[in-house]
Amino acid sequence: MQKISNYINGELVPPVSNEYLDNYDPAIGKVYSLIPDSDMRDVKHAVESARMAFEIWSQVPAQRRSDILMKIADLIDRDHEVLAVAESIDNGKPVKLAGKVDIPRASANLRFYATAILHFASEAHHTDQAAINYTLRKPVGVTCCISPWNLPLYLFTWKIAPALAAGNTVVAKPSELTPYTAFLLSKLCVEAGLPPGVLNIVHGAGDKVGQPIVEHPDVPIISFTGGTTTGKRIASIAGPMFKKTSLELGGKNPNIIFSDCDFDQAVSTSIHSSFSNQGEICLCGSRIFVEEDLYEKFVEAFVGQVKALTVGDPLEDGTRVGALVSAAHRDKVLSYIQLAQEEGGTLLTGGEEQLSGRCENGYFIRPAVITGLASNCRTNQEEIFGPVVTIMPFTREDEVIEYANSTAYGLSATLWTENLTRAHRMADRLKSGIIWINCWLLRDLRTPFGGMKQSGVGREGGWEALRFFTEPKNVCIKL
Ligand code: NAD
């Protein structure tokens with residue numbers, strides 16, 4: 001069986017323990033590869049390599065760093081098919097989606113920051129006649145990048161690209177549920193000639209690998225994407241150590257539909273924003289609010305289209321909904337479908353799905369649509385992170401703003417209306433880091449990305465990430 005290796009100091013190496021964890025293919029429910037069960041010893045080695053490499057990499061001209069990152073991006077594009085299939089097998093997502101979204105976005109992340117760093121400038125301030133100030137922006141040091149399983153290579157590269165472009169070195173930990181494409185990336189880094197120690201990838205469990213990286217005194221900066229509970233834990237360790245921290249956490253995003261919307265567009269995009277990637281995207285709109293006079297018509301059209309979605313083998317081209325990432329996650333999502341009914345909701349469609357043939361033991365759920373729930377019940381307040389949405393009617397703008405803002409989260413919100421004034425007014429009042437009007441997940445990598453409240457701290461994307469991954473230093477010269 002294929003054994004995944006750690007990538008430390010430029011070499012593909014086994015874990016010190018020589019122990020491995022099982023890696024499942026969620027579409028068939030079987031172990032297909034082995035993940036290093038790394039621990040503190042591997043982390044120490046990786047941090048030491050990154051610390052040594054920082055002395056050199058932070059001095060390498062930006063153009064040279066850019067060239068190497070561009071080369072890695074080219075290699076990702078060259079291996080597009082292999083990476084898309086690997087992502088699909090590891091995560092359960094349809095291979096078509098991986099090929100269209102995950103893998104192209106991974107190379108785009110690298111290209112974006114490889115070029116952004118060439119244009120990144122700092123400020124200067126002329127203080128009347130008395131002095132001139134300028135800002136130096138220096139790389140911070142050994143950076144910890146921890147990523148989740150839902151968009152594995154996409155989010156992994158979204159972190160390492162700006163960190164490396166800015167001149168930091170990295171110790172990264174991909175999710176233990178989806179380590180495979182990060183492993184393939186480490187081979188591409190070797191091929192691209194990335195100097196040893198600049199990027200180190202340590203595989204394994206969160207508490208045995210992620211936490212020791214966070215706790216390491218030689219790691220001054222942490223970029224984390226994952227669940228809010230893990231984010232709290234990381235913040236509680238990093239806070240007293242005064243580490244620079246960026247946290248991209250969970251969401252419970254509202255999707256608000258006014259009766260003056262472009263109806264067909266609102267329905268078809270809402271199918272997409274509810275169930276893409278099996279609903280396992282932090283930006284999915286899991287609470288749909290529909291203006292009362294459109295409610296019946298919307299529910300009928302929406303449920304009709306949901307029933308037509310093909311749940312199936314992720315490796316087949318026609319599949320729209322693949323497998324959930326693990327048996328444990330499938331069970332968690334099913335328990336929320338159960339809870340929704342206990343809370344008085346009506347399940348209009350969806351639930352556990354048993355496939356036959358190759359995928360008979362896979363972790364599948366048919367997209368679920370639930371109505372009849374109040375906005376403040378647990379189903380509508382807690383992140384489910386699966387193919388489950390609720391639909392609720394509303395009558396007034398103030399009312400829906402209150403519902404939308406009522407959760408502990410504040411990542412994204414989607415709004416459907418042809419009334420421009422209302423769109424601006426709502427965008428101003430919704431407590432979310434990202435607002436999409438008449439669209440969803442239309443991304444421009446230059447924009448600030450992140451959430452309010454328990455959806456996170458800080459912003460990624462564009463200059464925000466390069467500012468985060470550099471330390472500003474003010475120099476003041478008296479004239
Ligand atoms: P998770 O928090 O369980 O794990 C994320 C990563 O943290 C994994 O690599 C894991 O091994 C590691 N980890 C676990 N415990 C740790 C610890 N004590 N110290 C350090 N690292 C530790 O999250 P998940 O289940 O992999 O991902 C799903 C969550 O991620 C959802 O809540 C989703 O909303 C969120 N997410 C947020 C964004 C965003 O941009 N805001 C994007 C994608 C996913």
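All of these numbers come straight from a predicted model, not from anything done at the bench. Just so you know, ligand 1 is whichever comes first in the structure, and atom 1 is the first atom listed for that ligand.
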**Q** Going by atom type alone, with no hydrogens or angles, which donor-acceptor pairs under 3.5 Å involve a side-chain atom of residues 213-220 and a protein atom two or more places apart or on another chain?
**A**
from : atom 1 : to   : atom 2 : distance (Å)
E215 : OE2    : Q211 : NE2    : 3.1
H216 : ND1    : D218 : N      : 3.0

**Q** Between ligand 1 and the protein, find all N/O pairs closer than 3.5 Å and give the distance for each.
**A**
from     : atom 1 : to   : atom 2 : distance (Å)
ligand 1 : 2 (O)  : G227 : N      : 2.8
ligand 1 : 2 (O)  : T230 : OG1    : 2.6
ligand 1 : 9 (O)  : S147 : O      : 2.9
ligand 1 : 9 (O)  : K173 : NZ     : 3.3
ligand 1 : 11 (O) : K173 : NZ     : 2.9
ligand 1 : 11 (O) : E176 : OE1    : 2.6
ligand 1 : 18 (N) : Q211 : OE1    : 2.8
ligand 1 : 19 (N) : Q211 : N      : 3.4
ligand 1 : 23 (O) : G227 : N      : 3.2
ligand 1 : 25 (O) : W149 : NE1    : 2.8
ligand 1 : 26 (O) : W149 : NE1    : 3.2
ligand 1 : 30 (O) : G226 : O      : 3.3
ligand 1 : 32 (O) : E383 : OE1    : 2.6
ligand 1 : 34 (O) : E383 : OE2    : 2.6
ligand 1 : 41 (N) : L249 : N      : 3.3
ligand 1 : 41 (N) : L249 : O      : 2.7

**Q** Got a salt bridge between R366 and E353, using NZ or NE/NH1/NH2 to carboxylate O under 4.0 Å?
**A**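 Between E353 and R366 there is a salt bridge, with a charged N closer than 4.0 Å to a carboxylate O.
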**Q** Taking only distance into account, with no hydrogens and no angle test, what donor-acceptor pairs under 3.5 Å do side-chain atoms of residues 266-276 form with protein atoms, sequence neighbours excluded?
**A**
from : atom 1 : to   : atom 2 : distance (Å)
S268 : OG     : D264 : O      : 3.2
S268 : OG     : Q265 : O      : 3.4
T269 : OG1    : Q265 : O      : 3.0
T269 : OG1    : Q265 : NE2    : 3.3
S270 : OG     : N255 : ND2    : 3.0
S270 : OG     : A266 : O      : 2.6
H272 : ND1    : S276 : OG     : 3.1
S273 : OG     : T269 : O      : 3.4
S273 : OG     : S270 : O      : 3.3
S274 : OG     : S270 : O      : 2.6
S276 : OG     : H272 : O      : 2.9

**Q** Which word best sums up how the rings of F385 and H329 line up, parallel for under 30°, tilted for 30 to 60°, or perpendicular for over 60°?
**A**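 Rings of F385 and H329: perpendicular, as their planes differ by over 60°.
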**Q** Does R233 pair with D207 as a salt bridge, N-O distance under 4.0 Å?
**A**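 A salt bridge is absent here (no side-chain N lies under 4.0 Å from a carboxylate O).
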**Q** The criterion is side chain to side chain contact (heavy atoms under 4.5 Å, CB included); which residues satisfy it with D313, sequence neighbours excluded?
**A**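 Only L315, E316, R358, C359 meet the side chain to side chain contact (heavy atoms under 4.5 Å, CB included) criterion with D313.
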